Participant: 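Supplied in structure tokens, the structure appears directly below.
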Amino acid sequence: MQFADRLNNVETSAIRELFKLLGKPGIISFAGGFPDPAMFDVEGLKQASSTALNEEAGAALQYGATEGYQPLREQLGSFMAGKGASVAPQELIVTTGSQQALDLIGKTLISSGDKVIVEGPTFLATIQCFRLYGAELISAPIDAQGVRTDELEKLMAEHQPKFVYLIPTFGNPSGVMLSLERRKKVLELAVKYNTLIVEDDPYGDLYFGAPPPPSLLALSDTVPGSRDLLAHCGSLSKVLSPGLRIGWLIAQPELLAKATMCKQFSDAHTSTFAQATAAQYLRGGRMPATLAHVRQVYADRARAMGEALRRELGDAIEFEQPGGGLFFWARLTGAHGGLKDAGEFAKRAIEQGVAFVPGAPFYAANADASTFRLSFATADVAKIEEGVARLGRALAAA
Ligand code: PMP
């Protein structure tokens with residue numbers, strides 16, 4: 001088969017290959033990025049979907065507008081307002097997961113050879129999606145406060161990228177939260193270099209203690225000229241259900257119109273039934289309790305994982321305790337002549353019955369092979385403790 005040239009730029013993710021090994025019986029997985037299905041509000045979604053069918057079956061089962069189902073656009077506007085960003089319904093389109101928002105951004109903005117700055121590390125599917133459109137990715141380093149804005153500025157000045165893609169709040173895979181000061185700096189850089197910033201924010205609602213600083217979108221009011229230079233991707237996947245495939249894209253009118261046009265050719269519209277269900281769910285007022293519940297459960301798991309890692313792996317690894325999201329991002333230190341290669345560590349961990357993903361594939365460039373990502377989302381506290389003990393045995397076996 002002769003495939004399109006654009007496929008030469010991408011390969012199946014190393015992570016998918018690793019997932020094939022997860023079928024082994026008894027394995028404890030810290031590998032996926034899935035939320036815990038035990039936390040799905042099944043009762044609330046049953047009610048929401050039956051209300052949608054009882055009250056608006058005609059619309060919920062019919063073709064719909066590419067921009068999205070109007071009642072959901074309104075609910076999402078209110079949801080964003082609750083997070084400090086004033087967004088009119090016509091300023092957002094509903095997408096099939098935020099993954100589609102990222103794809104539409106790639107489709108509408110990237111010409112072959114265009115430069116795009118991403119964080120190192122960043123979300124793997126974004127790397128692959130932007131590469132599919134021919135982007136040359138430039139990797140901006142991060143530290144415990146998120147992307148290094150001094151380095152970002154140097155890269156923006158040098159490369160004049162088409163846009164900058166950031167996951168400012170509890171990023172996948174890094175788990176870090178961009179500080180308030182740096183958020184302001186990012187918005188100033190957008191204006192100074194007249195460059196679009198894409199803010200991907202599927203994890204911002206999953207905080208464990210104090211809420212994170214406002215999103216770039218919410219802060220854009222404080223930096224004149226920055227709002228039009230922001231595209232914001234949101235999602236119900238991590239807080240409610242990824243199977244609903246409800247995401248959204250907020251952007252200035254011209255970009256939103258082009259993205260809508262491309263969406264028309266791609267899937268015409270996001271499932272109206274899923275959109276009507278999501279709209280009824282949000283209207284029903286269950287979201288605050290759902291959020292409080294998932295925050296609590298993930299906070300307990302994150303605490304347990306942090307404690308277990310310190311106890312079982314000591315100075316063999318270093319990491320920051322995440323303040324939200326679903327992930328720990330850690331680095332093998334090689335202390336006492338120990339292992340430094342996370343790929344090798346992942347193989348030995350599988351032999352001990354625990355899985356995680358090595359960090360290298362999450363870098364668009366300059367991969368740090370000593371890094372790895374652990375998700376605490378799907379294992380309960382007892383499984384987390386057992387899994388981390390197995391990690392300790394895997395390292396000792398090295
Ligand atoms: N962005 C990031 C950073 C993610 O981690 C994910 C899901 N893993 C997505 C976007 C896509 O999520 P969805 O399409 O389910 O909204």
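Residue indices begin at 1 and follow the sequence shown. As the structure is a prediction and not an experimental result, all values here were calculated from the model. All ligand and atom numbering here is 1-based and tracks the order in the structure. Excluded from the calculations below are hydrogen atoms, water molecules and symmetry mates; all remaining heavy atoms, backbone and side chain alike, are included.
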Participant: Do me a favour and list the nearest non-hydrogen protein atom to atom 5 (O) of ligand 1 with residue, atom name and distance?
Facilitator: Tyr203 OH, 2.6 Å
Participant: So, Phe328 versus Phe376, ring centres under 6.0 angstrom or not?
Facilitator: yes
Participant: Should Pro202 be listed as contacting ligand 1, given a heavy-atom distance under 4.0 Å as the test?
Facilitator: yes
Participant: Taking 4.0 angstrom as the limit and counting only heavy atoms of Ser235, give me the atoms of ligand 1 inside it, by number and element.
Facilitator: 13 (P), 16 (O)
Participant: Should the ring pair Phe362 and Trp329 be called parallel, tilted or perpendicular, given that the plane angle runs from 0 to 90° and is split at 30 and 60?
Facilitator: perpendicular
Participant: Ser237 heavy atoms, cut-off 4.0 Å: which ligand 1 atoms fall inside?
Facilitator: 13 (P), 15 (O), 16 (O)
Participant: Do the side-chain N and O atoms of Glu181 and Gln145 include a donor-acceptor pair separated by under 3.5 angstrom?
Facilitator: no
Participant: If we count only N and O atoms by modelled type, under 3.5 Å, do the side chains of Ser139 and Tyr363 hold a donor and an acceptor together?
Facilitator: no
Participant: Should you measure from each heavy atom of Ile167, which atoms of ligand 1 turn up under 4.0 Å away?
Facilitator: 3 (C)
Participant: Between Phe372 and Phe345, what is the ring plane arrangement, given parallel below 30°, perpendicular above 60°, and tilted in between?
Facilitator: perpendicular
Participant: Counting the benzene-type ring for Trp, do Phe163 and Phe130 have ring centres under 6.0 Å apart?
Facilitator: yes
Participant: Using a 4.0 Å cut-off to any heavy atom of Arg245, which atoms of ligand 1 qualify?
Facilitator: 13 (P), 14 (O), 15 (O)
Participant: Which residue holds the protein heavy atom closest to atom 9 (C) of ligand 1, what is that atom called, and what is the gap in Å?
Facilitator: Phe123 CE2, 3.5 Å
Participant: Considering only the protein, which heavy-atom contact is closest to atom 3 (C) of ligand 1, and what is its distance?
Facilitator: Asp200 OD2, 3.3 Å
Participant: Salt bridge or not between Glu91 and Arg227? Use side-chain N to carboxylate O under 4.0 Å.
Facilitator: yes
Participant: Where is the nearest protein heavy atom to atom 8 (N) of ligand 1: which residue, which atom, and how far?
Facilitator: Lys238 NZ, 2.9 Å
Participant: Looking only at protein heavy atoms, identify the closest one to atom 11 (C) of ligand 1 and say how far it is in Å.
Facilitator: Ser98 OG, 3.4 Å
Participant: Can you tell me if CZ on Arg310 sees more than 12 non-hydrogen neighbours from other groups inside 6.0 Å?
Facilitator: yes
Participant: For Gln100 and ligand 1, answer yes if some heavy atom of the residue is under 4.0 Å from a ligand atom, otherwise no.
Facilitator: no
